[in-house]
2 protein chains.
Amino acid sequence: MRLTSFTDFGLRMLMRMAADPSRAISTAELAEALCLSRNHLAKIIQHLARAGLIETRRGGGGGAVLARPAAEIRLGQVIRLLEEGQPLVECFGADGGACSIDTRCRLKARLRSAEAAFLMDLDRSTLADIALPPLPKNLVVSQ
Amino acid sequence: MRLTSFTDFGLRMLMRMAADPSRAISTAELAEALCLSRNHLAKIIQHLARAGLIETRRGGGGGAVLARPAAEIRLGQVIRLLEEGQPLVECFGADGGACSIDTRCRLKARLRSAEAAFLMDLDRSTLADIALPPLPKNLVVSQ
DNA sequence: TTGAATAGGTATTTACAATACCCATTAGCA
DNA sequence: TGCTAATGGGTATTGTAAATACCTATTCAA
């Protein structure tokens, strides 16, 4: 069972934004903080923005801000979003009709149930619960 | 969130064995039934056998049989086994110590909890619950 | 003792996540 | 009204690990 690094990084970005919700953070700043390419990170930002989780502003002084209070953003929601289009097993995918077992398969329902349990458990927490405590300015983060 | 095809096929193989638990099924037969390469499938068999879930016998008339009654094999158990060594996120892996957030990370615990919820939900079912009903001999499975 | 089957290592292929690059667009500011 | 800083978004490339294939040794039954 594996989440994509897309999701992994998305979560870390949100954790950082939640630590200082009033400030707009640029992709460049986030990329440096997470030791990640700015371009890749920008893709995740765009995805989150399109989903309405964050708001972005272009131009000087621009960047990304949480669209809602961190306490109103549930973790399950975030992961559902970032993992969307990633099927748990092949036959859950868009074209997953080639299964020879098909209708007689009693496994599918149980996998779906377990997936729901996974997400529901995460929904018990919000972004506010995992926000990064802001670092003291003089503390250097070792890479 | 994704399971490997290794796990996917492993489950399907077990479903089939559970449908006819007294019979030893050869890898060749299973491979044909699942439209899968015999070699690849053999790897999964070996893994399951080493874990004690099934027993294999070489020589003529050999094959694989469930080592325990299907009703005693829980699905969570199977998936834990087949997915072993597959970390949910990078920092859960063996060398996942390079995280800049590290000790201040309050996400890890929640992910672990959700993963446990996923497996516990699956543990509510056993192999017997998802055993394939045996196909009538005259019915051809379309590929 | 022969043939059918698993055991298991190694090599190869392939798919896709991850990354990099480029240019358009937008907004603030002097 | 330019200039600069920032995102938007497409496309191309790379890298890695899963998936597959192949080969040979070993084991067992008849």
Side-chain angles (χ1 to χ4, degrees), chain A residues 1-10 12-13 17 23-32 34-65 67 82-90 93-96 98, chain B residues 1-10 12-13 17 23-32 34-65 67 82-90 93-96 98:
Chain A
M1 188 156 70
R2 173 130 229 193
L3 302 179
T4 60
S5 75
F6 195 86
T7 300
D8 194 0
F9 286 128
R12 292 197 222 172
M13 283 163 35
M17 289 191 222
R23 194 162 67 89
I25 309 189
S26 75
T27 54
E29 184 185 345
L30 266 177
E32 200 191 3
L34 299 181
C35 302
L36 183 60
S37 118
R38 200 186 72 78
N39 301 287
H40 189 46
L41 184 139
K43 299 273 200 270
I44 308 175
I45 290 267
Q46 288 165 28
H47 196 82
L48 291 172
R50 235 171 296 156
L53 271 185
I54 62 177
E55 275 162 8
T56 58
R57 268 179 57 203
R58 292 184 179 186
V65 201
L82 289 166
E83 288 283 312
E84 113 187 319
Q86 184 77 256
L88 185 62
V89 286
E90 194 203 353
D95 65 336
Chain B
M1 187 155 75
R2 173 129 230 193
L3 302 178
T4 60
S5 75
F6 195 86
T7 300
D8 193 359
F9 286 126
R12 292 196 222 173
M13 284 163 35
M17 289 190 221
R23 194 163 67 89
I25 308 187
S26 74
T27 53
E29 185 185 344
L30 267 177
E32 199 192 4
L34 299 182
C35 302
L36 184 60
S37 119
R38 201 185 71 80
N39 301 287
H40 188 46
L41 183 140
K43 298 275 199 267
I44 308 176
I45 291 265
Q46 288 166 27
H47 197 83
L48 290 171
R50 234 170 298 155
L53 271 184
I54 63 177
E55 274 163 9
T56 59
R57 267 180 57 206
R58 293 184 179 184
V65 200
L82 290 167
E83 288 283 313
E84 114 187 318
Q86 183 76 258
L88 185 62
V89 287
E90 194 203 352
D95 66 336

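Every heavy atom of this structure was used, including side-chain atoms; hydrogens, water molecules and symmetry mates were not. Chain letters run A, B, ... following the sequence lines, proteins first and then strands; every chain starts at 1. Bear in mind that the values here come from a model prediction, so they are computed numbers and not experimental data.
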Could you report the tightest heavy-atom contact between [X] and [Y], atom names first, then the distance?
{"X": "F6(B)", "Y": "K43(B)", "answer": "CZ-O, 4.3 Å"}
{"X": "I44(A)", "Y": "G10(A)", "answer": "CG2-CA, 3.7 Å"}
{"X": "L34(A)", "Y": "M13(A)", "answer": "CD1-CG, 3.5 Å"}
{"X": "G52(B)", "Y": "A67(B)", "answer": "O-CB, 3.4 Å"}
{"X": "T56(B)", "Y": "A49(B)", "answer": "CG2-CB, 4.2 Å"}
{"X": "I54(A)", "Y": "A64(A)", "answer": "CD1-CB, 4.1 Å"}

Could you state the [atom1]-[atom2] distance from [X] to [N], rounded to the nearest angstrom?
{"X": "I44(A)", "N": "dT19(C)", "atom1": "CD1", "atom2": "C1'", "value": "11 Å"}
{"X": "Q86(B)", "N": "dA17(C)", "atom1": "CD", "atom2": "P", "value": "13 Å"}
{"X": "L34(A)", "N": "dA18(C)", "atom1": "CG", "atom2": "P", "value": "14 Å"}
{"X": "I45(A)", "N": "dT19(C)", "atom1": "CD1", "atom2": "P", "value": "16 Å"}
{"X": "Q46(B)", "N": "dT10(C)", "atom1": "CD", "atom2": "C1'", "value": "13 Å"}
{"X": "H40(B)", "N": "dG9(C)", "atom1": "NE2", "atom2": "P", "value": "16 Å"}
{"X": "L36(A)", "N": "dA17(C)", "atom1": "CG", "atom2": "P", "value": "16 Å"}
{"X": "R58(A)", "N": "dC23(C)", "atom1": "CZ", "atom2": "C1'", "value": "12 Å"}

Distance under 4.0 Å to a non-hydrogen atom of chain A counts as contact; along DNA chain D, which nucleotides mark the start and end?
dA5(D) to dT11(D)

Within the structure shown, what part of the strands sits under 4.0 Å from R38(A) by heavy-atom distance: base, sugar-phosphate, or nothing?
base

DNA chain C: 5'-proximal contact among G59(A) and F9(A) (nearest heavy atom):
F9(A)

Between dT6(C) and T56(B), is there an OP1 or OP2 to side-chain N/O distance shorter than 4.0 Å?
no

Check the surroundings of atom CZ in R57(A): do more than 12 heavy atoms from other residues, nucleotides or ligands lie under 6.0 Å from it?
no

Nearest heavy atom decides the nucleotide; on that basis, is A42(A) or R2(A) closer to the 5' end of DNA chain D?
A42(A)

5' precedence on DNA chain D between K43(A) and A64(A) (nearest-nucleotide basis):
A64(A)

Against the side chain of S37(A), the closest entry in dT19(C), dT6(C), dA20(C) is dA20(C)

